[in-house]
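What follows is one structure encoded as structure tokens, with my remarks underneath.
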Amino acid sequence: MLEYLYREVFPGILQVMTTFWRKERLFKVIGWAIALAFVMSLWVIPSYGAQPKASEGKIEYEVTMDNLYSAVVKAKVFSKKKELYITEPPGGEIISGGAVIKPNKKGFATFSYRVDFPNENAKRTFSGIDGVKHVSASFAPPFQVFKGSDIFIVPTDGDGTHSFANFAVQMRMKKNHSAIVPWKLKDKAPDKNGGEDATYEVENQKSLLLNFIAVGSMDILKSNGENISILVGFPRGGVKLEEKEKKECLENISSLYKTQELAFGKKPGSQILSVIVCPGTNLDYSPLAAALYDSILLACRSNSIDSKSYGALSCGLVELWNRQSFLAAKERGSRWFQEGLPFFYGWRAAAASGVVSPKIAYTGFSSIYREYLTYENQLLEQEGVSLYEAEKRGLLEYEASKGAALCAATAMRIRELSKGQKDFEWLISNLPQKAEKGGKYGLADISELCEEATKESWASFFEDRVLGTKSISASEFSSSELFDPAKIGSTQANPEKKSSRSWIFLGLAVVGIFLIPFLLSGYVRRGTKIEVNIPKIIPDDEDEEEKDA
């Protein structure tokens, strides 16, 4: 063997080295060797345990509903962290894995847990997107509603912060059951037991935890708008609605959303909105619409969806913007506007969309005003409390009711002083642009916009009612003005649409007279389509609307 190496191999190696001995060729060989080593490292190293970048910071959930009152969740976590911490789920327990999980060499770890839900005799409490408002309701089988935070657990780092932003959720449902969630559907397939596996993509942690989820026997209707898809779920158990009423409900929700989108702009969060409608529900108070990140739960005692329910739904819709992108700055005298806005503009938008009559809208708002007077009398027995002081003391109910009344008084004053040239929709359309860079507005921003609209000072008006303790009398607003669809939103300023229309007119002026009919044909068709989609302003059956009151 040694002789063979000495006679055959070593001379060959020597000959190769001699051939490449020149400096130019040596450098070329070294360069190719380095390049080859780099390519090999990209190809070989990941196959030997390196973590795939596409899976970093991701959790995949698999949810199996054992029955309507119990679910088993399996979580697969992808992370670079050596240790992750998990907490006990509400009403459940960790089945495997313990409180600390450690990703394996491939960068993922799995753990399972069980979650128990209240039975049909128990009441559920849901807090809204601000963490304050509550819904107490019981839902009969075969239908279950819960919040994402009731069932999903997001592991944390050692310092307690959440590590992940990307989520995938697989819901395993029994035969004839379905789920309604405000998430993008990635895949759907039948299982061997006649049920269905649906996989959803979830954008972020808020969308995962701060949304309503409904599972069970239900009918789901869908409407695809220009900027949003609306899903509406109706449980099959309990009170059953006619197909006509379900379709009408979807149309009304779409109309309410379009009206509010004109004022607030595109909804933040995902462009999917899910609405869970539960008529004939056992509630502590009714009707009520609790809003979360991209979802709304509408619950009402009646066996149908009446005008009061649609008014409550409209107030809930306002919260989709009001608690996310339309925010009051802390201790700058403007929280009354944020707290009161849903209860005034919700009813105003309901009238503007034609879903409820102006009379019903005014009646609904009047109930809020009566609540304000009750709180005002209670506080005056002790001492006068300004809205600015109420914010510091956390008197949310007082802020919300007086804030709604002050919003109404502000709307009335803007229209009167501007002689109908500006209105409340103009104010809320322009307020985000007036706010500071962080997107939060203060009392000064509201006052400046009001002065811009009316060319008059508003200092004493807000000083008396926000910083002072002056009451808001009913004479400061009027039903015929505030809830008349013909006088709502006519002066609304939407910067994007205004700019777009200006460019259209400029283009028409530049093009020549012979091309005008050709260009206008598309514009007229689009205008006709918009007009057709606008719902009726006043229902045909006015007596039925009054009966709902």
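These numbers come from a predicted model, not from an experiment. Hydrogens, waters and symmetry mates play no part in the numbers below; they use all other heavy atoms, side chains included.
Taking Glu391 as the reference, nothing meets the salt bridge (Lys or Arg N to Asp or Glu O under 4.0 Å) condition, with sequence neighbours excluded. Qualifying ring-ring contact (aromatic ring centres under 6.0 Å, His included) partners for Phe326, counting only residues two or more places apart in sequence or in other chains: Phe264, Tyr441. With sequence neighbours excluded, the residues satisfying side chain to side chain contact (heavy atoms under 4.5 Å, CB included) with Asp191 are Asn193, Asp197. Every residue two or more places apart in sequence or in another chain that forms a salt bridge (Lys or Arg N to Asp or Glu O under 4.0 Å) with Lys102 is listed here: Glu83. Legend: residues meeting side chain to side chain donor-acceptor pair (under 3.5 Å) with Tyr369, ordered by chain and number and at least two apart, are absent. Partners of Asp219 under the side chain to side chain donor-acceptor pair (under 3.5 Å) rule, at least two apart in sequence or in another chain, are Arg236, Lys246. Under the rule for a salt bridge (Lys or Arg N to Asp or Glu O under 4.0 Å), the partners of Glu60 that lie at least two apart in sequence or sit in another chain are Lys58. Every residue meeting the ring-ring contact (aromatic ring centres under 6.0 Å, His included) condition with Tyr61, not counting sequence neighbours, appears here in chain and number order: Phe152. Judged as a side chain to side chain contact (heavy atoms under 4.5 Å, CB included), and not counting sequence neighbours, the contacts of Ala349 are Thr259, Gln260, Ser314, Tyr345. By the side chain to side chain donor-acceptor pair (under 3.5 Å) test, Ser309 is found to be paired with Asp306, residues two or more places apart in sequence or in another chain being considered.
Applying the ring-ring contact (aromatic ring centres under 6.0 Å, His included) test to pairs two or more places apart or on separate chains, none has a residue in residues 214-239.
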Which pairs would a plain distance check flag for residues 167-184, meaning a side-chain donor or acceptor within less than 3.5 Å of a matching protein atom at least two apart in sequence or in another chain?
residue: Lys174; atom: NZ; partner: Asp66; partner atom: O; Å: 2.9
residue: Trp183; atom: NE1; partner: Ser207; partner atom: O; Å: 3.0
residue: Trp183; atom: NE1; partner: Ser207; partner atom: OG; Å: 3.2

